[in-house]
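Heavy atoms only: backbone and side chains are in, while hydrogens, waters and symmetry mates are out.
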Amino acid sequence: MESEVAALVRAAVDEFRRLDGAFNNAGAVSAFGSVQDIDGSSWGAEIELNLSSSDASDSPRQRRTG
């Protein structure tokens, strides 16, 4: 996923010479049930998608320009 985000940032910068902002709208719910009943693998996948994926869009190039 990080390489895909990096490619998108490069494409935007190549086309427009800078990236002023980005909005990360990733998220889903795939593990249903009480917290006690969700297995560790499903819980980890939820955290990866809903929390960690937003870090992928925090581009060093974007911070540098703005």
Gap between atom CG of Leu19 and atom CG of Leu8 - 0.5 Å precision: 10.0 Å
Asn50 (side chain) donor-acceptor with Glu46 (main chain) under 3.5 angstrom: yes
Distance, nearest 0.5 Å, that separates CD1 of Ile38 from CZ of Phe32: 9.0 Å
Leu51 with Trp43, same ILVMFWY side-chain cluster at under 4.5 Å: yes
